[in-house]
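First the structure, in the form of structure tokens, and then the observations on it.
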Amino acid sequence: MPPQVQQVLDTLNAELPLEGYLVVGAIMFAIGAWGALIRRNAVVVFMCVELMINAVNLTLVAFADYLPGARGLGQSYAVLVIAIAAAEVAVGLAIVLAVFRSRRTVNVDEINSMKG
Amino acid sequence: MARDLALLAPEIAVVLTAVGALLFEMLRLPKVALPFTIVGLLVATGLTVPLLGTETTAFSGTFRIDALGEWAKLVLLPATILSVVLAYPEVKNTEREGTVYVLFSLTALGALVLAGAGDVMFLVLGVLLSSIGSFALVAYPADDRATEGAMKFFVFGSVTLAVMVFGLTYWFGATGSTLLSDLGRLGAVPLAAAFGLVAVLVGLGYKASLVPFHFWAPDAYEGAPVSVAAFLSIVPKVGAVFAIAQLSRDLPAETGWPLAVAALAVLSMTYGNLAALVQENVVRLLAYSSIAQSGYFLLGVVALGESGLAVRSLVVFAAAYAAMNLGAFAIVLLAGRTLRDFAGLGRSRPAAGAAMVVFLISLVGIPPLGGFVGKLLLFGAAIDAGFIWLAVVGILNSVVSLAVYLRIVVPMYGQAKEKPDSPVPVAAVWVTALTFTLGIGLAAQVLLGQVT
């Protein structure tokens, strides 16, 4: 095996530093937040919120791996967050359905009759 | 374990009440679900009384049984009962009447979890539990306005919850623990501390409808049934304010939390009162007024750790606020949602009109009513803690709020119109609320001796 290939393989196999996970998590969160702010379709907004929550989970398990003293706390926290995301989206989709039944649209700009 | 469960008896009673009422609803017996919910919540309130004065934690420090948590139960559970009674005339004989009572119980449980939180996971859980039920309650009428209010409430809520959980993750990473009592370690990591603080204030500020996280409140209140608006303006809000208090106690001062909370207080009081000045819809007016009232609450939070009055002031103001705000919403249910509906109420229904005047001047904070005692303590605590400027802003805002509430009072004594109906449950609620508003004001001395 040529040494250059071996070098690439070593880099890939080396343990990633915590910062790597945190940066990916932060980028995912930012993409989700950006989408939640600019997209007009309510269902897409929910998907963006899911992306934000999954960024939280990635960050949590990364921290949990990095903090050996926390004894599985990070993982159980992540499980709690997953359950929260599921519960939230269940109610959210029910609300979107109710909105669609009464207005025939899920565009958040059009669902704005109350002001003041 | 058995000891921990005994300490959680009130919460367990609330859960059992909700589950029992849900069973009756499944058996198509909503007429049983209503009294069952009321009795169950009364039992839960009763179970709290023996816990008074206990200062301990349950489940390895994750849940706190302290003055804030106990008094939250004693204030919020009766407020929930009154909201349930108020909801009855609005939802009776609708298709899923019983689920409304169940959702009230479960949402109140979320607020109790928030008020006693000793762990960031409980904060997240409390926000979620008190939100999910609220979304469904707002959307219950399923018409255009209700679903629109619920939609705005939900979209805003899910984004702020995600922000809050994300920030709290960094607290966990920095301290290696999720316990609030370990937050003292944050002093060494200012960046993570600041990031988490902003995030948690976004999440809890949303629940407490603090400016600038309040946008959902007027729309959700307007779309929801009046009883649900009354409930949302009291129970989840007080729960979230108490959660901010639980958190602030353990945060080191170098994170700058007192200044951040003080800034939110100024924004909420000022914006809430100014926006209320231009509302034509009484529900929206009360929504903005309740945003301003959350600002007053924060005066007590800012004083935590610096003033012995802080916890006392929070509890007394919470009790007074619950009574007067519920009373005001009950009269709205009786009279109607617009300012025009209030024309002549003082003449056509003199008793209800007089009660409304009492609730409104109590919201301003005029002696000898409950709102006055609560505000006096809050301002006293803030001054005690060295936040004199904040107390001055609070007092100025109280003056402005007089103009807000006079906008409702003035037409009430104008030309009389037809006499509105007064259903018995609504009358029962405002009479109870009136008793407490007057009682808290008059019995302030006795009450002050007991809250420590």
Side-chain angles (χ1 to χ4, degrees), chain A residues 18 22 25-26 29 32-33 36-37 42 45-46 48-60 62-64 66-71 73-74 76-78 80-81 83-85 87-103 106 108 110-116, chain B residues 119-122 124-125 127-129 131-136 138-159 161-170 172-179 218-223 275 278-281 284-285 287-288:
Chain A
L18 175 71
L22 295 188
F29 189 84
L37 289 176
V45 171
F46 290 0
C48 293
V49 171
E50 288 299 296
L51 197 60
M52 292 163 84
I53 301 258
N54 282 320
V56 172
N57 281 330
L58 179 66
T59 316
L60 265 178
F63 273 132
Y66 176 77
L67 298 164
R71 285 179 298 129
L73 197 59
S76 48
Y77 196 167
L80 177 88
V81 173
I84 281 174
E88 218 181 15
V89 103
V91 177
L93 287 177
I95 293 173
V96 170
L97 269 181
V99 169
F100 186 73
R101 281 208 189 107
S102 76
R103 295 179 186 243
V106 288
V108 287
E110 291 171 40
I111 309 166
N112 194 11
S113 64
M114 294 184 282
K115 290 193 177 76
Chain B
D119 188 290
V120 293
M121 287 197 220
F122 268 88
V124 175
L125 201 62
V127 169
L128 179 86
L129 199 51
S131 298
I132 286 204
S134 318
F135 300 147
V138 171
Y140 183 75
D143 55 18
D144 273 10
R145 280 156 24 113
T147 50
E148 177 184 334
M151 177 88 162
K152 287 178 176 168
F153 193 13
F154 177 82
V155 169
F156 209 74
S158 55
V159 173
L161 181 64
V163 171
M164 173 167 146
V165 193
F166 191 59
L168 287 177
T169 306
Y170 281 83
F172 166 66
T175 62
S177 157
T178 54
L179 286 177
D219 291 340
Y221 290 10
E222 190 187 343
V278 296
Q279 299 304 319
E280 286 304 316
N281 183 313
R284 289 186 85 87
L285 192 154
Y288 280 109

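By convention in this document, chain letters (A, B, ...) are assigned in the order of the sequence lines, proteins followed by strands, and residues within each chain are numbered from 1. What you see is a predicted model, and the numbers here were worked out from it, not measured in a lab.
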Heavy atoms, side chains only, cut-off 4.5 Å: are [X] and [Y] in contact?
| X | Y | value |
| --- | --- | --- |
| B:Glu148 | A:Ser102 | no |
| B:Lys152 | A:Val108 | no |
| B:Phe172 | B:Val120 | no |
| B:Phe122 | B:Thr178 | no |
| A:Phe29 | A:Leu51 | no |
| A:Ile95 | B:Phe153 | no |

Proximity breakdown for [X] and chain A, heavy-atom pairs closer than 4.5 Å:
| X | answer |
| --- | --- |
| B:Leu128 | side chain |
| B:Val138 | neither |
| B:Leu161 | side chain |
| B:Val165 | both |
| B:Phe154 | side chain |
| B:Ser158 | both |

(request) Using a cut-off of under 4.5 Å on heavy-atom pairs, state which of A:Thr59, A:Leu18, A:Asn112 scores highest against chain B. (result)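 Looking at each of A:Thr59, A:Leu18, A:Asn112 in turn, A:Asn112 comes out on top.
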(message) If we define contacts as heavy-atom pairs under 4.5 Å, which of A:Ala36, A:Ser76, A:Gly74, A:Ala64 has the most with chain B?
(response) A:Gly74
Chain B contact via [X] - which portion, at a heavy-atom distance below 4.5 Å:
| X | answer |
| --- | --- |
| A:Ala87 | both |
| A:Tyr66 | neither |
| A:Leu60 | both |
| A:Val99 | both |

(request) Please determine if B:Arg145 and B:Asp219 form a salt bridge, counting it only when a charged side-chain N lies under 4.0 Å from a carboxylate O. (result)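 No.
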(request) Please determine, among B:Asn281, B:Leu168, B:Asp144, the option with the most heavy-atom pairs under 4.5 Å with chain A. (result) B:Asp144
(request) Output all residues satisfying side chain to side chain donor-acceptor pair (under 3.5 Å) with B:Asp143, sequence neighbours left out; order by chain, then residue number. (result) none
(message) Tell me if the CZ atom of B:Phe156 is crowded by more than 12 foreign heavy atoms within 6.0 Å.
(response) yes
